[in-house]
2 protein chains.
Amino acid sequence: MSQTKDKIILSAQKQFAELGFEASSLRLITKNAGVNLAAVNYHFGSKKMLIQSVMDRSIRQFAPYLKEKLEQLILKENVKTADIVEVFIDALKQLDEQSDEQSMVFIKLIGRSYAESQGHLKRYFVENYPEALDALLRLMRQLMPSLDDEAIFWRLHCALGSLVFLSTSADALIEMAEAEFNSHVNKQHILDVMPGFLESALTANNNER
Amino acid sequence: MSQTKDKIILSAQKQFAELGFEASSLRLITKNAGVNLAAVNYHFGSKKMLIQSVMDRSIRQFAPYLKEKLEQLILKENVKTADIVEVFIDALKQLDEQSDEQSMVFIKLIGRSYAESQGHLKRYFVENYPEALDALLRLMRQLMPSLDDEAIFWRLHCALGSLVFLSTSADALIEMAEAEFNSHVNKQHILDVMPGFLESALTANNNER
DNA sequence: ATACATTTAAAACGCTTGTTTGAATTTTTA
DNA sequence: TAAAAATTCAAACAAGCGTTTTAAATGTAT
């Protein structure tokens with residue numbers, strides 16, 4: 001497999017997470033990757049398809065691990081919401097073992113996908129989303145039998161929202177916190193603060209809809 | 001007061017919320033506003049200062065109402081977190097009385113500010129943020145005396161994250177929900193689902209940090 | 001009516017963007 | 001080793017961007 005392709009994907013992944021898809025230029029991506037500009041169109045065809053390839057790779061590094069752990073969880077008895085959250089956070093941290101800050105990068109990419117979604121990524125998600133998160137939905141359903149699928153859907157995305165926002169805005173928030181009360185929280189620490197919030201978002205006793 | 005200025009701000013506000021600051025072009029903004037392209041640089045000087053003006057106007061429409069209601073709340077006894085959330089949601093809905101979907105637009109703008117923050121907006125926020133949200137912080141502090149300011153800071157932004165994400169991704173999420181389980185949730189309805197999540201995010205019993 | 005501020009119009013500026021091209025180079029295959 | 005295929009490279013392309021400039025056409029006060 002071409003190593004140029006990989007270098008481009010890795011550079012693009014970092015760039016997309018930090019600046020968003022539109023704001024990232026192929027010129028900077030290829031420069032950081034140490035390859036020629038034209039290599040993008042040669043290997044991927046277009047910027048759109050590069051974006052899709054990056055998302056594809058990112059999800060394929062995350063989803064299988066998550067799916068496996070969740071399916072182990074389904075077999076257990078007395079599963080708590082906290083367990084699901086823990087599995088999810090574990091799946092994120094497992095990404096960091098391959099490359100530093102990869103978990104943050106991944107969450108940021110998910111956030112960018114929702115925020116900048118222009119159609120082609122939406123279509124891609126609709127096709128791959130169910131497969132990747134089916135186990136998650138099943139678990140939630142079995143954990144909260146009183147809720148219908150739609151309610152679970154909204155809770156999941158509420159939790160996802162906190163996660164995405166805190167990751168995407170991590171730099172700005174840390175800077176704010178430092179200026180405001182001499183806080184010394186680093187990026188990675190945010191992942192440790194998350195589980196509590198995620199669990200409470202998922203178990204929220206909202207009685208509407 | 002010049003009506004051209006207003007037309008530009010309103011058009012830009014909508015555009016910024018939907019596409020983000022960078023992805024919005026002055027050419028489309030002025031075209032939709034029905035004014036000349038050069039009018040932007042004549043009235044605002046630059047795109048950066050237009051962005052700042054839009055954010056300024058948006059916050060000034062929201063903050064005073066929120067501040068007033070929060071300060072009324074401080075005087076009361078036995079204030080619950082749910083009360084704070086209610087006041088916040090009310091402040092959002094009050095925006096809709098002036099123009100349709102204005103609450104969504106506002107939340108989206110806040111989200112864009114965090115996600116695309118390039119420095120000048122960050123500086124602007126650091127100056128105006130404390131003033132606008134001081135009452136909110138004071139209330140939270142008095143409501144949860146066991147928590148320090150930093151913990152409150154993170155809870156607030158966790159809640160804000162859900163709100164921002166659900167608003168920014170509203171279209172994509174509604175589309176997903178419709179495809180998945182024939183849901184018929186409209187954008188405005190999302191505001192009704194929020195309070196429960198916000199409350200639980202704020203009262204989360206996370207024991208880290 | 002004179003002076004000033006506002007608005008429109010059209011054109012061009014320099015710059016960055018994604019994409020294409022054609023030749024040079026490397027790698028693979030026979 | 002020679003032919004073929006795959007890859008890299010520098011250069012140029014057209015299009016879009018924010019911005020500036022020039023001019024003429026409106027208003028709006030003094």
Side-chain angles (χ1 to χ4, degrees), chain A residues 1-57 109 112-113 115-124, chain B residues 1-57 109 112-113 115-124:
Chain A
M1 161 77 77
S2 155
Q3 58 178 346
T4 302
K5 233 172 148 177
D6 275 357
K7 282 196 274 185
I8 293 176
I9 285 198
L10 288 179
S11 172
Q13 190 186 42
K14 201 180 297 183
Q15 200 92 186
F16 288 158
E18 230 53 51
L19 303 177
F21 300 117
E22 276 211 71
S24 298
S25 78
L26 297 184
R27 279 174 170 81
L28 189 54
I29 289 174
T30 50
K31 190 182 174 188
N32 288 345
V35 304
N36 191 269
L37 168 62
V40 171
N41 289 285
Y42 177 77
H43 284 287
F44 299 92
S46 68
K47 187 183 179 181
K48 266 187 187 176
M49 298 191 69
L50 170 61
I51 295 176
Q52 209 151 305
S53 297
V54 168
M55 292 309 298
D56 204 44
R57 182 193 165 112
L109 283 176
R112 301 291 183 187
S113 300
E116 295 185 32
S117 153
Q118 309 268 18
H120 68 107
L121 256 184
K122 210 178 291 175
R123 249 175 286 122
Y124 174 83
Chain B
M1 160 77 76
S2 153
Q3 59 178 348
T4 301
K5 232 172 149 175
D6 276 357
K7 282 195 274 187
I8 293 175
I9 286 198
L10 288 179
S11 173
Q13 190 186 41
K14 201 180 297 185
Q15 200 92 189
F16 288 157
E18 229 53 51
L19 303 178
F21 300 118
E22 276 210 72
S24 299
S25 78
L26 296 184
R27 282 175 168 81
L28 189 54
I29 289 173
T30 50
K31 191 182 173 187
N32 288 345
V35 304
N36 192 268
L37 168 63
V40 170
N41 289 286
Y42 176 78
H43 284 289
F44 299 93
S46 68
K47 187 183 178 181
K48 266 188 186 174
M49 299 191 69
L50 170 61
I51 295 175
Q52 208 151 306
S53 297
V54 167
M55 291 309 297
D56 204 44
R57 182 194 164 111
L109 283 175
R112 301 291 182 187
S113 300
E116 296 187 33
S117 152
Q118 309 267 18
H120 69 108
L121 256 183
K122 211 179 291 178
R123 249 175 288 125
Y124 174 82

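Just so it is clear: chains get the letters A, B, ... in the order the sequence lines come, proteins before strands, and each one is counted from 1.
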**Q** Within the 4.5 Å heavy-atom criterion, are Glu22(A) and Ile51(A) side-chain neighbours or not?
**A**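 No. Closest side-chain heavy atoms not under 4.5 Å.
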**Q** Where do Phe44(B) and Lys5(B) come nearest, in terms of heavy atoms and distance?
**A**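 Nearest pair, atom of Phe44(B) first, then Lys5(B): CZ-CG, 3.6 Å.
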**Q** How close or far is atom P of dG18(D) from atom CD1 of Ile8(B), stated in whole angstroms?
**A**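 My rounded result for the distance is 13 Å.
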**Q** At less than 4.0 Å, is any side-chain N or O atom of Thr4(A) found next to OP1 or OP2 of dT8(D)? Yes or no.
**A**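 Yes, within the criterion.
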**Q** Should His43(A) be listed as having a side-chain N or O under 4.0 Å from OP1 or OP2 of dT8(D)?
**A**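 Checking dT8(D) against His43(A), a side-chain N or O does come within under 4.0 Å of OP1 or OP2.
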**Q** Find the distance Lys7(A):NZ to dT7(D):P and express it as a whole number of Å.
**A**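 In whole Å, dT7(D) P lies 14 Å from Lys7(A) NZ.
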**Q** Report the distance from atom NZ of Lys5(A) to atom P of dA6(D), rounded to the nearest whole Å.
**A**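 So the NZ-P distance, Lys5(A) to dA6(D), works out to 13 Å.
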**Q** Counting C-beta onward and ignoring hydrogens, is there a side-chain heavy-atom pair between Asp6(A) and His43(A) closer than 4.5 Å?
**A**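 Result no, sub-4.5 Å side-chain heavy-atom pair not found.
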**Q** If you look at every heavy atom in Phe21(A) and Met55(A), which pair is closest and at what distance?
**A**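 The pair with the smallest heavy-atom distance is CZ-SD, 4.0 Å.
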**Q** What residues from residues 26-36 of chain A pass a heavy-atom cutoff of under 4.0 Å to DNA chain D?
**A**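 Arg27(A), Asn36(A), in order of number.
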**Q** Just the rounded figure in Å: distance from P of dC17(D) to CD of Glu22(A).
**A**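 So the CD-P distance, Glu22(A) to dC17(D), works out to 10 Å.
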**Q** If you look at every heavy atom in Ile29(A) and Ser11(A), which pair is closest and at what distance?
**A**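 The pair with the smallest heavy-atom distance is O-OG, 2.8 Å.
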**Q** Can you tell me which stems DNA chain D forms when a stem means 3 or more consecutive Watson-Crick or G-U pairs under 3.5 Å?
**A**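 Stems for DNA chain D, defined as runs of 3 or more consecutive pairs: C:2-6 with D:25-29, C:9-30 with D:1-22.
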**Q** Sequence neighbours left out, what passes side-chain contact (heavy atoms from CB on, under 4.5 Å) with Ala17(B)? Give chain and number order.
**A**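 Residues passing side-chain contact (heavy atoms from CB on, under 4.5 Å) with Ala17(B): Val105(B), Lys108(B), Leu109(B).
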**Q** Counting the atoms with a prime plus P, OP1 and OP2 as sugar-phosphate, which does Ala38(A) contact under 4.0 Å by heavy atoms, base, sugar-phosphate, or nothing?
**A**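 Touches a base.
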**Q** Roughly how many Å is it from CG in Asn41(B) to P in dT8(C), rounded to a whole number?
**A**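 So the two atoms are 14 Å apart, to the nearest Å.
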**Q** At what distance, to the nearest 0.5 angstrom, does OG of Ser53(A) lie from CD of Gln13(A)?
**A**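 If we round to the nearest 0.5 Å, Ser53(A):OG and Gln13(A):CD are 12.0 Å apart.
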**Q** Restricting to non-hydrogen atoms, name the atom on Thr30(B) and the atom on Asn36(B) that form the minimum distance, rounded to 0.1 Å.
**A**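 Reported closest heavy-atom pair: CG2-O, 3.7 Å.
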**Q** Report yes if the side chains of Tyr42(A) and Ile8(A) come closer than 4.5 Å at any heavy-atom pair, otherwise no.
**A**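 A side-chain contact is absent here, since even the closest heavy-atom pair is not under 4.5 Å.
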**Q** Mapping Leu37(A) and Leu37(B) to their closest nucleotides on DNA chain D, which lands nearer the 5' end?
**A**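 Result: Leu37(A).
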**Q** Looking only at side-chain N and O atoms, does Tyr42(B) come under 4.0 Å of OP1 or OP2 in dT7(C)?
**A**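 No, no such contact exists.
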**Q** Can you check the Phe44(B) CZ to dT7(C) P distance for me, whole Å?
**A**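 Whole-Å distance recorded here is 10 Å.
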**Q** How many Å lie between NZ on Lys47(A) and C1' on dT17(C), as a whole number?
**A**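 After rounding, the gap between these two atoms is 8 Å.
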**Q** Is there a side-chain polar atom (N or O) of Ser25(A) under 4.0 Å from OP1 or OP2 of dT17(C)?
**A**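 It does, given that an N or O in the side chain of Ser25(A) lies less than 4.0 Å from OP1 or OP2 of dT17(C).
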